[in-house]
Each structure stands twice: as C-alpha cells, then as structure tokens.
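Accompanying notes for the structure given below.
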Amino acid sequence: MSEKHLSTQFDAELSGISTRVLEMGGLVESQVGQAVYALTHFSEETATQVLQVEERVNAMEVEIDRDLSTIIARRQPTARDLRLLIAVSKTIANLERVGDEAARIARTVQRLIHTGVSGRMRLPVQDLAFECELATAQLRKALDAFARLDVERALEVLRQDDEIDQEFDGLLRKLITYMMEDPRTISASIDLVFVAKAIERVGDHAKNLAEVIIYIVKGTDVRHTTVETVESMVR
C-alpha cells in the first residue's frame, strides 16, 4: 500500500474524529443550556433529560478515546500528528467534564423541586442564567476555534475568561446577602452557590479547550500562563 494512500486514510480518520468531537461539543453545550433552563423554569422534565444526555456524552468520550488509541497503535503517527491526537483526547475529557457540570445543575434542580423551594422562595436564578450565557458563549467560541484550528479565536476565549469569574463573585455576594437577610434561604442559596460554581467551571473548561487549540497549532504548552505571555508566545 502506498504512503500516499496511508496518509489519505489517516487524514480521513482524523477528520472523522474531529467531526465527532464537534458533535460531542454541541451536545454538551446544549446540555448546559437545558440545565439552566430547568433551573430558571424549575422543570423536572428538562432536568431529567439533561441526566439522560449525560450517558450519551460519557459513551461518546469512551468511543472516541478508544478510536484514538487504535489510530495511535495502527498508524504510529509522527510527532506533530501524535500531538494532535493527544490534544483531541484532552479536548473530549474537558467536554465530558462540562457534561458533568450540567448534570450537577440538573440534580440540584431536582432537589430544589422536591424540597418545595421553587414554589415559595424568591431566588436569583436569572443571574445564574446570565452567567450561563457567558460560559456557553465561551464554549461555543472554543469549539469554533477547534473546528478551524484558529489561534486568534482561542485567544479571545482566554482574554474573556475573567468575565465569568467576575460574574461568579457577584453572584456569591448576592447569595450571601440573601442568606443574611432571610435565614430560610440558606439551604437553597448554598445549592445555588454550587450551581454558580458549576457554571464557572464550564468557562474554565472552555479556557482549557482554547489552550489545547494553541498547543495543536503552535506546539506550545500555554497552561498556567498569563494571557499577555500567551499572546507574545504565539505571535
């Protein structure tokens, strides 16, 4: 079999893997949106759907990881291609964790509904919805950067990461005020702190994806590095 034919097969396998990663990314992005919808509308049905999707996301991670291992064993890729495959493995691990955060939110919604909190207490759920919009926008940008292997788009994700952190800090202060003013809100407010933290982690995983994209394209590990330093490294 010719080297050109082998190379064409390898490229086709990589393209197939990338397509499935983007499919998995779209699924977890939708999952996060559904989880926050379940919270803002106290919809147990939607929360249940989120938990059902989690099983599919987990299965996709296992399947893609298995195929990556097969490609590595069969093709014995060169350094650049091996870097890409390792980066894809990191990408799906981050996406799976985003799905975990969505499931965590869904379980919190179920708990709030079952305790009767949703019908008798005013909660700042719309603020959480705004934080979620920021986080899912970051995730969408990171997936777009992955699809195009666009370093500039990945840098945008890194630059905007602080916005979600600031929103989380604001929500935390607001929830503390709720608890101080009305002790009856303490239990529900603590639940919402964990929801806010889960959404913040979605943003963190989007940032991780952006760092992986830079690694794929530039071969430079930019983890634990300031945005300014990253920008200077990739120029």
If I take atom [atom1] from residue [X] and atom [atom2] from residue [Y], how far apart are they, to the nearest 0.5 angstrom?
{"X": "Glu23", "Y": "Leu27", "atom1": "CD", "atom2": "CG", "result": "7.5 Å"}
{"X": "Ile113", "Y": "Thr108", "atom1": "CD1", "atom2": "OG1", "result": "11.0 Å"}
{"X": "Ile105", "Y": "Phe194", "atom1": "CD1", "atom2": "CZ", "result": "13.0 Å"}
{"X": "Asn208", "Y": "Glu211", "atom1": "CG", "atom2": "CD", "result": "5.5 Å"}
{"X": "Asp65", "Y": "Ser69", "atom1": "CG", "atom2": "OG", "result": "6.0 Å"}
{"X": "Asp67", "Y": "Ile72", "atom1": "CG", "atom2": "CD1", "result": "11.0 Å"}

Same cluster or not: [X] versus [Y], using hydrophobic residues (I, L, V, M, F, W, Y) connected whenever any side-chain heavy atoms lie under 4.5 Å apart?
{"X": "Val28", "Y": "Met60", "answer": "yes"}
{"X": "Phe130", "Y": "Phe168", "answer": "no"}
{"X": "Tyr37", "Y": "Val109", "answer": "no"}
{"X": "Leu51", "Y": "Ile199", "answer": "no"}
{"X": "Leu82", "Y": "Tyr215", "answer": "no"}

Can you find a heavy atom in the side chain of [X] that is under 4.5 Å from one in the side chain of [Y]?
{"X": "Lys90", "Y": "Leu209", "result": "no"}
{"X": "Ile17", "Y": "Ile71", "result": "yes"}
{"X": "Arg97", "Y": "Arg201", "result": "no"}
{"X": "Ile213", "Y": "Asp150", "result": "no"}
{"X": "Thr46", "Y": "His41", "result": "no"}
{"X": "Leu14", "Y": "Leu85", "result": "yes"}
{"X": "Ile164", "Y": "Val202", "result": "no"}
{"X": "Gln160", "Y": "Gln138", "result": "yes"}

query: Quick check: are there more than 12 heavy atoms from other residues, nucleotides or ligands sitting under 6.0 Å from CZ of Arg74?
result: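 Buried by this count: over 12 neighbours within 6.0 Å.
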- prompt: Are there more than 12 heavy atoms of other residues, nucleotides or ligands under 6.0 Å from atom NZ of Lys197?
  reply: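 Above 12, so yes.
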Work out which heavy atom in [X] is nearest to a heavy atom in [Y]; give both atom names and the distance.
{"X": "Ala35", "Y": "Ala102", "result": "CB-O, 3.5 Å"}
{"X": "Ser189", "Y": "Tyr178", "result": "OG-CB, 4.0 Å"}
{"X": "Val21", "Y": "Ile64", "result": "N-CD1, 4.2 Å"}
{"X": "Gly203", "Y": "Ala135", "result": "N-CB, 4.1 Å"}
{"X": "Ile216", "Y": "Ala87", "result": "CG1-CB, 3.2 Å"}
{"X": "Ala47", "Y": "Ala38", "result": "N-CB, 3.7 Å"}

Any side-chain to backbone donor/acceptor pair from [X] onto [Y]? Under 3.5 Å, distance only.
{"X": "Gln31", "Y": "Val50", "value": "yes"}
{"X": "Asp161", "Y": "Val157", "value": "no"}
{"X": "Ser30", "Y": "Gly26", "value": "no"}

query: When you look at Arg148 and Asp144, which way does the salt bridge (Lys or Arg N to Asp or Glu O under 4.0 Å) test go after all the steps?
result: CA-CA 6 Å; Arg148 304 166 187 268; Asp144 183 53; 2.7 Å; yes
Basic-acidic side-chain contact under 4.0 Å: Glu63, Arg66: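 Salt bridge between Glu63 and Arg66, a charged N being under 4.0 Å from a carboxylate O: no.
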query: Under 4.0 Å between a Lys/Arg side-chain N and an Asp/Glu carboxylate O for Arg159 and Glu152?
result: yes
task: Check step by step if side chain to side chain contact (heavy atoms under 4.5 Å, CB included) holds for Leu139 and Leu143.
output: CA-CA 6 Å; Leu139 181 60; Leu143 290 169; 4.2 Å; yes
message: Quick one, Leu95 with Val57, criterion side chain to side chain contact (heavy atoms under 4.5 Å, CB included). Give me CA distance, side-chain angles, the key distance, then yes/no.
response: CA-CA 8 Å; Leu95 291 175; Val57 170; 6.0 Å; no
- request: Please determine if Lys141 forms a cation-pi arrangement with Phe146, meaning its NZ or CZ atom is less than 6.0 Å from the six-membered ring centre and no more than 45° off the ring axis.
  value: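 No, Lys141 and Phe146 do not form such a contact.
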Val227 vs Asp162, side chain to side chain contact (heavy atoms under 4.5 Å, CB included): CA-CA, chis, key distance, verdict: CA-CA 11 Å; Val227 176; Asp162 284 347; over 6 Å; no
task: Check the pair Leu155 / Ile214 against side chain to side chain contact (heavy atoms under 4.5 Å, CB included), numbers first and verdict last.
output: CA-CA 8 Å; Leu155 282 170; Ile214 293 170; 4.2 Å; yes
message: Is there a side chain to side chain donor-acceptor pair (under 3.5 Å) between Ser18 and Ser15? Walk through the geometry before answering.
response: CA-CA 5 Å; Ser18 296; Ser15 178; over 6 Å; no
message: If only side-chain N and O atoms count, and only distance matters, is there a donor-acceptor pair under 3.5 Å linking His114 with Glu44?
response: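 Side-chain D/A pair, Glu44 to His114: present.
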